[in-house]
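Report on the structure given below.
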Amino acid sequence: QVQLVESGGGLVQPGGSLRLSCAASGRFFRINTMSWYRQAPGEQRELVATITSGDSRNYANSAKGRFTISRDNANDTVYLQMNSLKPEDTAVYYCNANIAALGTYFSADYWGKGTLVTVSS
């Protein structure tokens with residue numbers, strides 16, 4: 001089955017930067033849309049950024065101007081560059097990918113286990 005593995009989380013001071021990575025592995029035809037979500041304690045999981053297979057990007061208002069989503073199709077990887085981090089960015093960040101199965105038009109969403117980002121002084 002498909003697996004998504006996030007990396008790059010950690011502790012950073014306000015105003016700092018982090019780059020999250022999410023690598024997909026397994027047997028599949030292609031990756032369609034890839035997204036980053038985040039979930040803070042006591043909050044609903046929210047969409048942070050999305051990138052399509054055609055490199056069309058969309059961001060939550062809280063991320064616009066500070067975060068950049070990108071993908072490396074050759075390595076089945078999506079990134080989230082986070083700059084000017086704020087304490088309210090503290091959350092577990094989850095990678096999501098819509099992936100098409102081999103030999104069919106079937107696709108499904110897959111989730112990583114998450115990586116913790118803590119923004120604190």
Side-chain angles (χ1 to χ4, degrees):
Q1 64 177 24
V2 176
Q3 286 187 296
L4 302 178
V5 180
E6 302 99 334
S7 62
L11 175 64
V12 64
Q13 293 185 346
S17 298
L18 284 175
R19 190 193 193 205
L20 306 183
S21 300
C22 171
S25 62
R27 298 176 63 83
F28 53 85
F29 176 60
R30 75 176 185 181
I31 302 173
N32 298 315
T33 299
M34 303 187 79
S35 301
W36 287 97
Y37 289 74
R38 69 185 182 189
Q39 187 168 21
E43 302 287 338
Q44 293 286 328
R45 188 171 299 186
E46 65 175 352
L47 178 64
V48 177
T50 295
I51 185 167
T52 69
S53 59
D55 284 347
S56 178
R57 297 168 171 85
N58 196 18
Y59 299 93
N61 287 334
S62 60
K64 290 179 180 177
R66 300 188 300 124
F67 294 3
T68 302
I69 189 169
S70 61
R71 61 192 291 170
D72 179 356
N73 292 330
N75 293 292
D76 298 326
T77 301
V78 64
Y79 304 95
L80 186 68
Q81 178 67 47
M82 304 186 294
N83 300 325
S84 302
L85 284 162
K86 305 174 181 179
E88 51 262 45
D89 295 318
T90 296
V92 176
Y93 284 71
Y94 296 92
C95 178
N96 172 272
N98 182 264
I99 296 176
L102 288 168
T104 75
Y105 291 101
F106 172 80
S107 64
D109 282 357
Y110 295 86
W111 292 90
K113 294 186 180 296
T115 184
L116 177 63
V117 172
T118 302
V119 184
S120 176
S121 58

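The first residue of the sequence shown is numbered 1, and numbering continues consecutively from there.
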Chi angles and distances behind the side-chain contact (heavy atoms from CB on, under 4.5 Å) call for T68, L80: CA-CA 6 Å; T68 302; L80 186 68; over 6 Å; no
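Contact between L18 and G8 at its shortest, heavy atoms only, is CD2-O, 3.7 Å. Across all non-hydrogen atoms, the minimal contact from V78 to M34 is CG1-CE, 3.5 Å. Closest approach of E6 and G114 over heavy atoms only: OE1-N, 2.9 Å.
Checking side-chain atoms of T77 against main-chain N and O of N75 turns up a donor-acceptor pair under 3.5 Å. Side-chain atoms of R57 come within 3.5 Å of backbone N or O of I69 as a donor-acceptor pair. Not one N or O on the side chain of T118 forms a donor-acceptor pair closer than 3.5 Å with the backbone of L11. Remark: the backbone N or O of A74 is paired with a side-chain donor or acceptor of D72 at under 3.5 angstrom.
Counting heavy atoms from C-beta outward, R27 and L102 have side chains that approach closer than 4.5 Å. Annotation: side chain of L20 is in contact with side chain of V117 (closest heavy-atom distance under 4.5 Å). Two residues are said to be in side-chain contact when any heavy atoms from C-beta on lie closer than 4.5 Å; W36 and C22 meet this criterion.
Screening residues 84-97 for side chain to side chain donor-acceptor pair (under 3.5 Å) gives R38-D89, R38-Y93, R66-D89 as the qualifying pairs, with residues at least two apart or on separate chains.
Hydrophobic clustering of Ile, Leu, Val, Met, Phe, Trp and Tyr side chains at less than 4.5 Å, counting indirect connections, keeps V92 apart from L85. Hydrophobic clustering (ILVMFWY, side-chain heavy atoms < 4.5 Å, transitive): I51 and F67 are in one cluster.
To the nearest 0.5 angstrom, D76 atom CG is 9.0 Å from S25 atom OG. Note: K64 NZ to S62 OG = 9.5 Å, rounded to the nearest 0.5 Å.
Counting only N and O atoms by type, the side chains of T50 and N58 include no donor and acceptor under 3.5 Å apart.
Around the CD atom of Q3, the shell of radius 6.0 Å holds no more than 12 heavy atoms that belong to other residues, nucleotides or ligands.
Not counting sequence neighbours, the partners of Y37 by the ring pair (Phe, Tyr, Trp, His ring centres under 6.0 Å) test are W111.
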